[in-house]
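The next block holds one structure in the form of structure tokens; read it before the comments.
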Amino acid sequence: EVRVRGEKATRTIALSVQRLKVESASIDGQPLAFSTQGERLCVSLPAELAAGSEARIQLRWTVPVDQESPRATSTLVWAGYAASSWMPTLQDPAQRAPLDLSITAPSSWRVAAVGHPVASGSAGEGRRVHRFRLDRSAPPFLYAFVAGRMDEAVLPVDGVLLRALGPEGTDLAGALAITAPMLRFFHAQLGVRYPASEYVQAVVPGNVAQEAAGLSLLGVASIEDVRQDPSEDWIFAHELAHQWFAWLVPCADFSDFWLNEGFATFLVAAYKEQRWGRAAYEREVTLWRARSAKVHAAGKDAPVALPAPVGLPRTPPKEQDLPPRGVTYARGALVLHRLRESLGDAVFWRGVQGYVRERSDKPTRTEHLRSAFEAASGQDLRSFFSTWVYTSAPDL
């Protein structure tokens, strides 16, 4: 069932379905006419849905698994990020909703998903059904699940239960040992606790690095990387940081996507500085500058954030129209680095803490971040943001 709320009066609901095969649509048992055009599902309602009103649409569909997400083997199934590849939804950070999810799997399998488990029980024939509820709304790209024949390790840290799941023989305890001090660091530096009682890291085959609400998908290679070099722990910090900067503090839409990725990238360096020393921080800054320079050399410069046109409504870009990662990730992190250098550590982190407290569970714009730093510093930062955020600034 998909619950939708109309932003304006409409007779048609449009959802993203990628390659899903939609078999039926109905409301309270009444069949609805629908059509699929490319990756777009259009459902005709029996009556006009008023602005602000809700409709509950029952849909049935099948999911192909011969793509990046979801992935399935004989012993493991997982999906993340492109939620519209496994459920009808909207792949847009401006859309945020809770989620109820039921997963039926062999009884011997472990299952994890966004949200918290609310029930499980026998489904017959050697299977169990696992039900999860995500109460804190999240954009669909933060929906994910994993189910399979996996080992598990747990570690309580600062009132949060850290869990790691992965293929048999994976060093899951080692993964938790890496993550525990990161959680403590983020609690201290951000001034707001992790927004759930559990955090799950699911280790899966392939080159995977994806945050979800209360859960992260990590590739097996990430475990091997830190085994060879303990300072190569960036993926653990990056995905954990997204629990604050994506889920707890959601960017309003893709115009301000750097608020998610720039912060997560910057916090990798901030943690590395605390854990591995100032040289590790400077190494990250050097990498950001190199990636920013690569974008500039390719002629793909863009503002870190898109300002609203004066007197006109903001039209956010679609995901495929986002600037390169060298802008959203690297240059976004450089903006925060430059603010830190300009304001000093005490003021900078006070501004970050104020921003997180004020914008928790609220759609957030770059101007909210500017206001938080101005409140912390007592300075007018409009010129800074105009120069380094709202225009192409490759020399950060």
Side-chain angles (χ1 to χ4, degrees), residues 68-73 75-82 110 112-114 141-155 157 160-186 194 198-247 260-276 280-281 283-284 287-288 291 325 329-330 333:
E68 184 175 345
S69 178
R71 295 290 301 274
T73 70
T75 59
L76 191 66
V77 180
W78 76 95
Y81 191 74
R110 301 184 191 275
V114 295
F141 68 79
L142 294 183
Y143 296 166
F145 69 87
V146 61
R149 192 174 298 143
M150 298 177 287
D151 285 344
E152 179 177 15
V154 298
L155 179 66
V157 178
V160 177
L161 182 64
L162 299 182
R163 297 175 60 208
L165 303 174
E168 296 173 354
T170 305
D171 183 12
L172 300 176
L176 297 182
I178 292 168
T179 308
M182 292 175 178
L183 180 66
R184 296 188 182 102
F185 176 78
F186 289 161
Y194 169 77
E198 289 189 3
Y199 176 59
V200 181
Q201 293 173 314
V203 181
V204 298
N207 186 22
V208 182
Q210 181 55 50
E211 74 277 7
L215 182 151
S216 292
L217 300 173
L218 307 176
V220 172
S222 62
I223 303 293
E224 179 61 21
D225 287 345
V226 293
R227 188 188 69 81
Q228 295 185 17
D229 181 353
S231 68
E232 282 298 321
D233 50 8
W234 71 270
I235 189 173
F236 296 88
H238 188 100
E239 307 310 343
L240 178 59
H242 274 310
Q243 304 305 312
W244 284 265
F245 300 100
W247 186 23
N260 291 6
E261 298 299 348
F263 256 109
T265 303
F266 172 81
L267 284 170
V268 168
Y271 175 74
K272 280 180 174 285
E273 179 180 27
Q274 185 267 345
R275 177 68 178 85
W276 304 108
Y281 178 91
R283 178 177 178 270
E284 295 298 311
L287 289 173
W288 303 337
R291 290 164 185 160
R325 290 189 171 205
Y329 290 63

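What you see is a predicted model; the values in this text were computed from it and never measured. Only this structure's heavy atoms are used, side chains among them; waters, hydrogens and symmetry mates stay out.
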Exercise for the section: Can you sort out the partners of Phe145 under ring-ring contact (aromatic ring centres under 6.0 Å, His included), two or more places apart, ordered by chain and number? Expected result: Trp86
Practice task
Kindly write out the residues that satisfy side chain to side chain contact (heavy atoms under 4.5 Å, CB included) with Ala330, not counting sequence neighbours, or none if the list is empty.
Solution key: Trp288, Arg291
Exercise for the section: Just jot down the ring-ring contact (aromatic ring centres under 6.0 Å, His included) partners of Phe263, sequence neighbours excluded, or say none. Expected result: Phe245, Tyr355
Fill in the blank from the handout: Distance col, row Trp247:CH2 vs Phe141:CZ, nearest 0.5 angstrom, shows 13.0 Å
Fill in the blank from the handout: All heavy atoms of Gly169 vs all of Asp151, minimum pair found to be N-OD2, 3.1 Å
Handout entry: Residue pairs passing the side-chain hydrogen bond (donor to acceptor under 3.5 Å, both in side chains) test where at least one lies in residues 260-269, sequence neighbours excluded
Key = His238-Glu261, His242-Glu261, Glu261-Tyr329
Completion exercise
For Ala72 and Val77, the nearest pair of non-hydrogen atoms, with its separation, is CB-CG2, 4.0 Å
Completion exercise
d(Leu176 CG, Leu161 CG) to nearest 0.5 Å is 9.0 Å
Please tabulate, for side-chain N and O atoms in residues 210-222, each donor-acceptor pair with protein atoms closer than 3.5 Å (sequence neighbours left out).
from: Ser216; atom 1: OG; to: Tyr199; atom 2: OH; distance (Å): 2.7
from: Ser222; atom 1: OG; to: Gly219; atom 2: O; distance (Å): 2.5

Handout entry: For Tyr194, all residues meeting side chain to side chain donor-acceptor pair (under 3.5 Å), sequence neighbours excluded
Key = none
Problem - Residue pairs passing the ring-ring contact (aromatic ring centres under 6.0 Å, His included) test where at least one lies in residues 161-185, sequence neighbours excluded - result: Phe185-Tyr271
Exercise for the section: Measure the spacing between CE of Met182 and CG of Leu162 and express it to the nearest 0.5 Å. Expected result: 11.5 Å
Practice task
Mind listing the closest non-hydrogen atom pair of Pro70 and Ala79 along with its distance?
Solution key: CB-CB, 3.5 Å
Exercise for the section: With rounding to the nearest 0.5 Å, note down the distance linking NZ in Lys272 to CD in Glu232. Expected result: 5.5 Å
Exercise for the section: Please list all pairs passing the salt bridge (Lys or Arg N to Asp or Glu O under 4.0 Å) test where one or both residues lie in residues 214-226, with sequence neighbours left out. Expected result: Glu224-Arg227
Handout entry: side-chain hydrogen bond (donor to acceptor under 3.5 Å, both in side chains) pairs, two or more places apart, involving residues 164-185
Key = Thr179-Gln201
Handout entry: Tyr281 to Ala270 - nearest heavy-atom pair and separation
Key = CD1-N, 4.0 Å
Handout entry: Point-to-point distance, once rounded to the nearest 0.5 Å, from CD1 of Ile223 to CD1 of Ile178
Key = 6.0 Å
Handout entry: For Pro205, all residues meeting side chain to side chain contact (heavy atoms under 4.5 Å, CB included), sequence neighbours excluded
Key = Leu76, Trp78
Completion exercise
Residue set satisfying side chain to side chain contact (heavy atoms under 4.5 Å, CB included) with Asn207, at least two apart, ordered chain then number -> none
Exercise for the section: Verify side chain to side chain contact (heavy atoms under 4.5 Å, CB included) between Leu172 and Met150, making sure each step is shown before the conclusion. Expected result: CA-CA 10 Å; Leu172 300 176; Met150 298 177 287; over 6 Å; no
Exercise for the section: With sequence neighbours excluded, tell me which residues meet side chain to side chain contact (heavy atoms under 4.5 Å, CB included) with Glu152. Expected result: Arg110, Val154, Arg163, Leu165
